[in-house]
Amino acid sequence: MKILLIGNPNVGKSAVLNRLTGSQLIVSNYPGTSLEISRATLQIGQHELNIYDTPGRYSLCSGSPEDQAEIGFITGEEIDLIVNIVDASNLERNLVLTLELLESRKPVLVLLNQVDRARNLGINIDFRNLSHLLGTLVLPFSASTGEGLEELLEYLHRKVAHQTLTPEASPAPDQGELIREVSPQMINLGQQMVCSGICGRCLKGAEDCLLPAEIVRAEEAARIARAVTSPMDSRYKEKVAKIQAVIDHPMWGTMAILIMAYLAFQMLLGFIQISEGPLHQVLEPVNHWLETFIVGILPPGMLTDILAKAVPEGLIIPFTIIMPAMLMVSLIMALLEDTGLLPRYSVALERVGSLFGVSGQAVIPLALGFGCRTPAIVATRVLPSSAQRFLIVALLSIVIPCSATLGILASVIAAFDASLPIIGLTMLVILLLLASLLSRSMPRDSEFIYELPPLRIPLGSNLWNKMKIRFTGFFTEILPLLLLMSIAIRALMESGLLEAFGSMESFSRLLFGIPAEAFVAVLITIFQRYLAPIVLMNLALTPREATIAISMIALSLPCLPMMVMTVRELGAKSLAKILALGLATSCLVGMVLNQILPF
């Protein structure tokens, strides 16, 4: 049995899927989080239900090949039930897609999500009357609190048991009749043709009549929404509206969120400094025991010396410095996502980027890039031209740091007392310069209306789940790589191979003002950017040297997973251009900072 979740962007489809199946998809309160159709399974009795989560959309009509493929899947014969996720706090807009889905004549269940938030905003919805007007079953639901989950599971169990998926509600009214009722004049497509509003059964191209049909559905959606909603007294709504008015102000809001970003990073550095001492005291005996244990079980030799030093170092540094940073970054990212602030950072970047011809649609991949840059490259598919895709992929590869990189860079900044304002200002200047230079040969195609989610009070359970999912990656992905990197660096130091870079010392000091070993760290970013700072942790750097080295690492080469994805999406030539641009940017940053920073 195949069930399809579909709805507008930012209605909580992935959250519903997580609540229903226990899957662990990262849920973010901004459009574009779901980039491809994902699947999860739900076991009900002896039956297995395959549930598909689709990217958010406002309509089934689209001209892009990717959207046409998804629409073909949605309207295909294999789907047994369409679950239309509707935002209860924005009913009128969401019902436009609902009416279009009902025209497909497939079984449709309307899941009225975020009913708890609608109540907080003073919105009361008569879901029984809504079910009658739509002609299909409507269930109130909240993915955040679990309200309505039992009723949804009971509905699915009942349908599986009876081997039918016909919704239990009054028969759906003919949508052509609904449209004729709203617009008696109808829509003239020619002297002998009148639009019924059922685009799926029309031989005329969607591009010829899309706008009038959408207007008719929008009028019907507004009529239904007015009929089933009634206001409630809500002081919460007034308070949120006042705060949101400030945060969304073009000038004051941008200043406010940038100040919050700076304070959040200062809090991150403070947490690392506070936790480093106690954790080091706790782990020091473990460090000594590991060194003694390795020496005791292995025969004397270079390998034993390398492992006896590298393994304790590869654990003590990650656990005392990087682990606290990753923990705090996971919390900050979860707060930004669940409060609705993260997309506002992307919009602030877009306001600046619009001066250089960057499309407003770029906010989607830029927002995702702060989590992980590899899926953000896939998100560039929403951009209207290949030139804009290359520009945003270049910015993601060179400038935008992922959450893991942010945490580890924060650890190095704290360890060497590097200058955070200089590093942050350097990254901002490079972002503007690169966007300006790359966009000169790229015309701005069109304006893009980006839907900002409302500000919300995050739920503790959701914050904990997100932190757990992200922080698990520290043990499964980051820690093993850091341990291997520590062994490799120690092997280079013990074998004397690292001294081979000594010939670069005068070159590196003259151009960049950093030791040759620190320049090697810049080159390591081609494997994983968050591995490069580990090289710096094994060096004795002054604050000036650390500031330059960290700036060069933060603005350098894309990591290996990004390179693979770039070749897949844009081709090998685009990757070669980005690698050359990244290396040139990193070297230029080092040379400029070496000239302007005081000794």
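Quick caveat: nothing in here was measured; it's all calculated off a predicted structure. All values below were derived from every heavy atom in this structure, side-chain atoms included, with hydrogens, water molecules and symmetry-related copies excluded.
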[X] to [Y] - nearest heavy-atom pair and separation:
X	Y	value
A40	L17	CB-CD1, 3.9 Å
G7	K13	N-CD, 3.4 Å
E100	Y58	OE1-O, 4.5 Å
L95	A221	CB-CB, 3.7 Å
S89	I123	O-CD1, 3.9 Å
Y52	K2	OH-CE, 3.8 Å

Got a salt bridge between E220 and R223, using NZ or NE/NH1/NH2 to carboxylate O under 4.0 Å?
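Here E220 pairs with R223 in a salt bridge, since their nearest N and O are under 4.0 Å apart.
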Within-4.5 Å side-chain heavy-atom neighbours: [X] and [Y]:
X	Y	answer
V108	V83	no
L139	L112	no
L4	L81	no
L327	M467	yes
R19	L149	yes
I398	P558	no
L111	V86	no
F141	E147	no

Name all residues meeting the side chain to side chain contact (heavy atoms under 4.5 Å, CB included) criterion together with L463; count only those two or more places apart in sequence or in a different chain, and write none if there are none.
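Listed in chain order: A334, L335, D338, P458.
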Output the distance between atom [atom1] ([X]) and atom [atom2] ([Y]), rounded to the nearest 0.5 Å.
X	Y	atom1	atom2	value
S230	D126	OG	CG	8.0 Å
L570	M565	CG	CE	11.0 Å
Q114	N90	CD	CG	9.5 Å
R217	E103	CZ	CD	4.0 Å
N124	R119	CG	CZ	9.0 Å
I332	M260	CD1	CE	12.5 Å

What do the steps show when you test R226 against E92 for salt bridge (charged side-chain N to carboxylate O under 4.0 Å, His left out), and what is the final call?
CA-CA 8 Å; R226 286 194 300 268; E92 179 180 334; 5.5 Å; no
With no hydrogens and no angle check, just 3.5 Å: does a side-chain donor-acceptor pair link N8 and R57?
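Not at all, the side chains of N8 and R57 share no donor-acceptor pair under 3.5 Å.
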Is it true that T41 and N50 share a donor-acceptor pair across their side chains at a distance under 3.5 Å?
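No, because no side-chain N or O of N50 sits under 3.5 Å from a partner of the opposite role on T41.
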[X] side-chain N/O to [Y] backbone N/O, donor-acceptor pair under 3.5 Å:
X	Y	result
T380	R389	no
N84	V110	no
T229	A225	yes
D87	V11	no

Within a radius of less than 6.0 Å around CD of E150, do more than 12 heavy atoms belonging to other residues, nucleotides or ligands occur?
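No, not enclosed.
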Could you walk me through whether V228 and H132 satisfy the side-chain contact (heavy atoms from CB on, under 4.5 Å) test, starting with their C-alpha distance in whole Å, then the side-chain angles of each, then the deciding distance to 0.1 Å, before giving a yes or no?
CA-CA 10 Å; V228 300; H132 172 73; over 6 Å; no
Worked verdict on I6 versus I85 for side-chain contact (heavy atoms from CB on, under 4.5 Å)
CA-CA 6 Å; I6 184 171; I85 313 297; over 6 Å; no
side-chain contact (heavy atoms from CB on, under 4.5 Å), that's the test. Do I82 and L109 meet it? Break it down for me.
CA-CA 6 Å; I82 294 176; L109 167 66; over 6 Å; no
